[in-house]
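Accompanying notes for the structure given below.
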Amino acid sequence: MEKMKLKLLYSDLKSDIEIIEKELETALNSSSHFLNDASLHLLKAGGKRIRPVFVLLAAKFGQYDIELIKKVAVSLELIHMASLVHDDVIDDSEMRRGRPTVKSQWNNRVAMYTGDFIFARALQYITDIDNPKAHQILSETMVEICIGEVIQIEDKMQLDQNMRDYFRRIKRKTALLIASSCHLGAVVAGADERVAIQLKRFGYFVGMSFQIIDDILDLTSTDKQLGKPAGSDLLQGNITLPVLLVKDDPAIRPLIEKALAGTMTEDERQEFLGKIRTSEAIKKAKKISDTYLQKALREVEALPQNSIKKSLRDIALYMGKRKF
């Protein structure tokens, strides 16, 4: 239902999104049946396609050419998909979007090579763009994403981390790729440099808000909605913002420690979820997310007059206010 609401916000792009969807399927085709099956398994799990949408919308501020801009959109979505495959190996995740992960359906080795293959395809697609700046932006983004993956491993199980550690992590995990989607869409379409930077900032703020909401929903949604156990982030050792905000609460900390130690029972999981849902942590985390969202909306207002501004605003509001 939520995904349908999002699609309605960019319904004007429907035909171009369909082009990108077909291009993604083509990009994931290979001579290896293992890679084919594993890659298409991930593609068929679906997704909001937020990054391609932002590429297309940002390109509307320049010379919009779907045949050119689709290369950028496909490349960004492939990078996102590859990072998900690698994330699932790192987190030892069995389910994603209600379906078995690649590492669960096959094994870690197949998953790692599938992720590497998808990354390589992303680079192949961007080579069709004759713009050195675009290549520089993409390569820097990929480097930061990889650093982010390592930081996430370093921060796992670490309850002594602070808010700065968390923001540093989600910046690389989510915000940078969304920022680059907006930036690259504008750059490749030849938009004014000032506008391209504004769109990049917009994408960064939206990405930060989006990830915080994602981390909140991991704790407030049902197992059925998530397609995995609520609180999975903590069970996998990932300390998110709501957990950081309650980690010193004597009524909740022992449950957090049990989750990190892998000794949490089902009853204790339900107890933990009940306590954190009624704590001030959820409200505080939402407020922080909303601060980023408001910064994103201010960037939209500062953009040149364009009919696309409403779409950017509506999608940002959806991402920062979604219930699931």
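Predicted, not measured: the structure shown is a model, and the values here were computed from it.
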Atom [atom1] of [X] and atom [atom2] of [Y]: how far apart are they, to the nearest 0.5 Å?
X	Y	atom1	atom2	result
Leu35	Thr114	CG	OG1	5.0 Å
Asn306	Lys60	CG	NZ	9.0 Å
Ile19	Ile66	CD1	CD1	5.0 Å

Check the surroundings of atom [atom1] in [X]: do more than 12 heavy atoms from other residues, nucleotides or ligands lie under 6.0 Å from it?
X	atom1	result
Arg109	CZ	no
Glu257	CD	yes
Lys284	NZ	no
Lys258	NZ	no
Lys103	NZ	yes
Glu193	CD	no
Asn162	CG	yes
Lys286	NZ	no

Between [Y] and [X], is the closest basic N to carboxylate O distance under 4.0 Å?
X	Y	answer
Lys295	Glu299	no
Lys71	Asp128	yes
Glu301	Arg298	no
Lys70	Asp16	no
Glu271	Lys275	yes
Arg269	Asp223	yes
Asp165	Arg169	no
Asp290	Lys321	yes

Side chains of [X] and [Y], heavy atoms from C-beta outward: is any pair under 4.5 Å?
X	Y	value
Met208	Ile288	no
Pro304	Val195	yes
Val102	Asp88	no
Met163	Leu241	yes
Leu138	His135	no
Leu312	Leu199	yes

Which heavy atom in Asn29 sits nearest to a heavy atom in Phe117, and how many Å separate them?
O-CZ, 4.1 Å
Before you tell me yes or no, could you show the steps for Ile151 and Glu154 under side chain to side chain contact (heavy atoms under 4.5 Å, CB included), namely the whole-Å CA-CA distance, both residues' side-chain angles and the distance that decides it to 0.1 Å?
CA-CA 5 Å; Ile151 289 173; Glu154 291 173 344; 4.2 Å; yes
After noting the C-alpha distance and the side-chain angles of Ser289 and Ser209, does the key distance pass the side-chain hydrogen bond (donor to acceptor under 3.5 Å, both in side chains) rule?
CA-CA 4 Å; Ser289 171; Ser209 174; 2.9 Å; yes
Should [X] and [Y] be counted in the same cluster of Ile, Leu, Val, Met, Phe, Trp and Tyr side chains packed under 4.5 Å apart?
X	Y	value
Ile147	Phe167	no
Ile129	Tyr125	yes
Ile79	Met81	yes

Output, in order, the C-alpha distance, side-chain angles, deciding distance and verdict of side-chain hydrogen bond (donor to acceptor under 3.5 Å, both in side chains) for Asp155 and Tyr166.
CA-CA 9 Å; Asp155 288 348; Tyr166 170 77; over 6 Å; no
side-chain hydrogen bond (donor to acceptor under 3.5 Å, both in side chains) between Glu144 and Thr141, worked out:
CA-CA 5 Å; Glu144 289 299 316; Thr141 300; over 6 Å; no
Applying side-chain hydrogen bond (donor to acceptor under 3.5 Å, both in side chains), run through Gln124 and Arg121 and close with a yes or a no.
CA-CA 5 Å; Gln124 258 189 332; Arg121 278 288 198 236; 2.7 Å; yes
Aromatic contact, Tyr292 with Phe210 (centres under 6.0 Å)
no
Can you tell which of Leu56, Leu57, Ile50 makes a side-chain contact (heavy atoms from CB on, under 4.5 Å) with Val53?
Leu57
